[in-house]
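A note on names: the letters A, B, ... follow the listed sequences, proteins ahead of strands, and every chain is numbered from 1. In this text the structure is predicted, and so the values were computed from the model without any measurement.
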Protein chains: 2
Amino acid sequence: MTPQAEIALSDPTLIAPINAAKELFWRQGYDETSIEDVVGATGMNRYALYNAFGGKLELFLAVLENYFVERKNLFLTALSDPQGGPMAAIREVSEYCIIEMTDRGAGCLMCDVAAEVGRYDKAVSERVLSYLEEIRSADEMALTQAEACGELNPAISPKEGAALLIANMLGVGALARNGAGRRELLTLFNSCLRLLGRQGDAQGLQRKRRNPQARTVKQVSN
Amino acid sequence: MTPQAEIALSDPTLIAPINAAKELFWRQGYDETSIEDVVGATGMNRYALYNAFGGKLELFLAVLENYFVERKNLFLTALSDPQGGPMAAIREVSEYCIIEMTDRGAGCLMCDVAAEVGRYDKAVSERVLSYLEEIRSADEMALTQAEACGELNPAISPKEGAALLIANMLGVGALARNGAGRRELLTLFNSCLRLLGRQGDAQGLQRKRRNPQARTVKQVSN
DNA sequence: TCTAAACCAGATTGACCATTCTGGATTTGC
DNA sequence: GCAAATCCAGAATGGTCAATCTGGTTTAGA
């Protein structure tokens, strides 16, 4: 991130324009979003925009950073002190993300749009990978707790499980971007979570249960 | 697909140009690839290109269709009569795809580049989803065989498992596009396959085995 | 009130690119 | 060998867009 973009992020009057621009980039992509679009959506004029951010790329970097931080907070808050247990917390934040993606039919700002920009600027790709790693590690933390309460499928380590969750969410994003429906994507995520959980270890679970027919898993209502 | 693109696909002299253009679009994306690039890579001149395909978009559609067909054949061939068992066949084709993606650092032509074009042309997005469904159904076929030989984790249906495989591959593609390494992605895919397989049902497996310590799974050599 | 700085909107620049045009070269059929 | 069709390469066209410029307007400070 450029120093200018960093300054932009800390200026409270720029929060609203950044959010407006984020919405545009997220829905339309980087190339498809013109400065004129941003002028229209933010209410700022070109002069002020260039003054505050420096240019289109720098504006996008500020947007991306804002999205990064927001997303990280979302995950860390929900996963560091999960009320209903770690698996429930993972489900909660993930379903929130899926709803965001299907609302926009636009996948993940970080991975899809940022990858577009990554073609110009390799630093963006690296930033994306490092952020994904941060989120993966938040997932891993939650899965470690899950392991401790016996909620994790013993066939897998928290680390591997977290990587699977990330990949699954990226896949869900790719499908959303091509127009897949919310219900379908929630079901897909649900299968993933089921395999990661103790329920994925079907026989092992059955052996512990008093009534094996209760094996089916509570589905999301969507 | 336009009639013109369909004709282009059936003309054997256009196979080489289509493959050259595919390589460009795959690596660089649609917007970043100029007609001049294509002229350079294919050896065809602009006049001939426009004559054969009609325009840039039509050229891309021909490329996409070619990729679709090739990919479908790859999956159907490997999965319809799997020599070393269905799970091995799934592993084989998937690892092939991962190697392709990491070679180019460019994810999946179908999902990543086509989604870019899908912004102009909704028909492209729909085509992408329908093709993914075809590949998913090939995976489902293989997983149904796996279920019959007791190689599938009983916690999951072949249908769900196939959807998970697709999502996982799309996620792997997103990671590859941002520069993730081959080894990391193969490991990730491996965890996915392990959960889908009988090994994902750790306790159940343990109960059937004579020596439970043989629980670890053969890893890919990469 | 006055002055200097900040701000605005529209016009302009400069670059890129898909597509078409054109006039000459090459091939093809007879 | 010749005429007609096909092909070629570079120039030209038209459009888009980021970024800058300009000349006038508003605001803020003393």
Side-chain angles (χ1 to χ4, degrees), chain A residues 1-5 7-8 11-18 20-64 113-114 116-121 123-124, chain B residues 1-5 7-8 11-18 20-64 113-114 116-121 123-124:
Chain A
M1 190 166 56
T2 63
Q4 198 161 18
I7 291 163
D11 180 342
T13 68
L14 291 180
I15 294 177
I18 285 178
K22 176 164 66 182
E23 206 57 37
L24 278 179
F25 283 130
W26 200 341
R27 288 177 189 270
Q28 308 180 174
Y30 181 79
D31 273 336
E32 298 311 302
T33 300
S34 74
I35 290 290
E36 222 38 46
D37 291 342
V38 177
V39 167
T42 58
M44 289 174 82
N45 75 348
R46 249 196 319 284
Y47 175 92
L49 260 177
Y50 276 90
N51 242 15
F53 297 99
K56 188 182 180 183
L57 184 60
E58 287 76 16
L59 168 63
F60 179 73
L61 294 179
V63 163
L64 195 59
V113 185
E116 194 187 336
V117 179
R119 291 216 175 89
Y120 312 119
D121 186 349
V124 170
Chain B
M1 191 167 53
T2 63
Q4 199 162 16
I7 292 164
D11 181 342
T13 69
L14 291 180
I15 293 177
I18 284 178
K22 175 165 66 181
E23 206 56 38
L24 279 179
F25 283 131
W26 200 342
R27 287 177 190 269
Q28 310 181 172
Y30 182 79
D31 273 335
E32 298 311 302
T33 300
S34 74
I35 290 290
E36 223 38 45
D37 290 342
V38 178
V39 167
T42 59
M44 287 174 82
N45 74 348
R46 250 196 319 286
Y47 175 92
L49 261 176
Y50 277 90
N51 242 16
F53 297 100
K56 188 181 180 183
L57 184 59
E58 287 76 17
L59 168 63
F60 179 74
L61 294 178
V63 163
L64 195 59
V113 186
E116 194 188 336
V117 179
R119 290 216 175 90
Y120 312 118
D121 186 348
V124 170

Contacts of type side-chain hydrogen bond (donor to acceptor under 3.5 Å, both in side chains), residue [X], not counting sequence neighbours:
| X | result |
| --- | --- |
| B:E36 | B:R46 |
| A:D31 | A:Y120 |
| B:T42 | none |

Using atom [atom1] of [X] as one end and atom [atom2] of [N] as the other, report the distance to the nearest whole Å.
| X | N | atom1 | atom2 | answer |
| --- | --- | --- | --- | --- |
| A:Y47 | D:dT25 | OH | P | 17 Å |
| A:L49 | D:dC17 | CG | C1' | 15 Å |
| A:F53 | D:dA18 | CZ | C1' | 16 Å |
| A:F60 | D:dA18 | CZ | C1' | 17 Å |
| A:L57 | D:dA19 | CG | C1' | 14 Å |
| A:N45 | D:dT20 | CG | C1' | 13 Å |

Enumerate the residues from residues 34-43 of chain A whose closest heavy atom to DNA chain C is under 4.0 Å, giving them by residue number; use none for an empty result. none
Quick check for you: to the nearest 0.5 Å, what is the distance between A:R27 atom CZ and B:R119 atom CZ? 12.0 Å
What residues form a side chain to side chain contact (heavy atoms under 4.5 Å, CB included) with [X], not counting sequence neighbours?
| X | value |
| --- | --- |
| B:N45 | B:Y47, B:A48 |
| B:K22 | B:N19, B:W26, B:V63, B:N66, B:Y67, B:E70, B:L109 |
| B:D121 | B:L57, B:A123, B:V124 |

Result for 5'-nearest mapping on DNA chain C, choosing between A:M44 and B:E32, is A:M44
Kindly indicate whether a cation-pi arrangement holds for B:K56 with B:F25, taking the cut-offs as under 6.0 Å to the six-membered ring centre and within 45° of the axis. no
Do any N or O atoms of the protein come closer than 3.5 Å to N or O atoms of nucleotides 12-14 of chain D, and which pairs are they?
none

If you fit an axis to the five pairs at each end of the helix from C:dT1-D:dA30 to C:dC30-D:dG1, how big is the angle between those two axes, to 10 degrees? 10°
Just the endpoints, please: which first and last nucleotides of DNA chain C, 5' to 3', lie under 4.0 Å from a heavy atom of chain A? C:dC7 to C:dA11
Excluding sequence neighbours, so at least two apart, what forms salt bridge (Lys or Arg N to Asp or Glu O under 4.0 Å) with A:E32? none
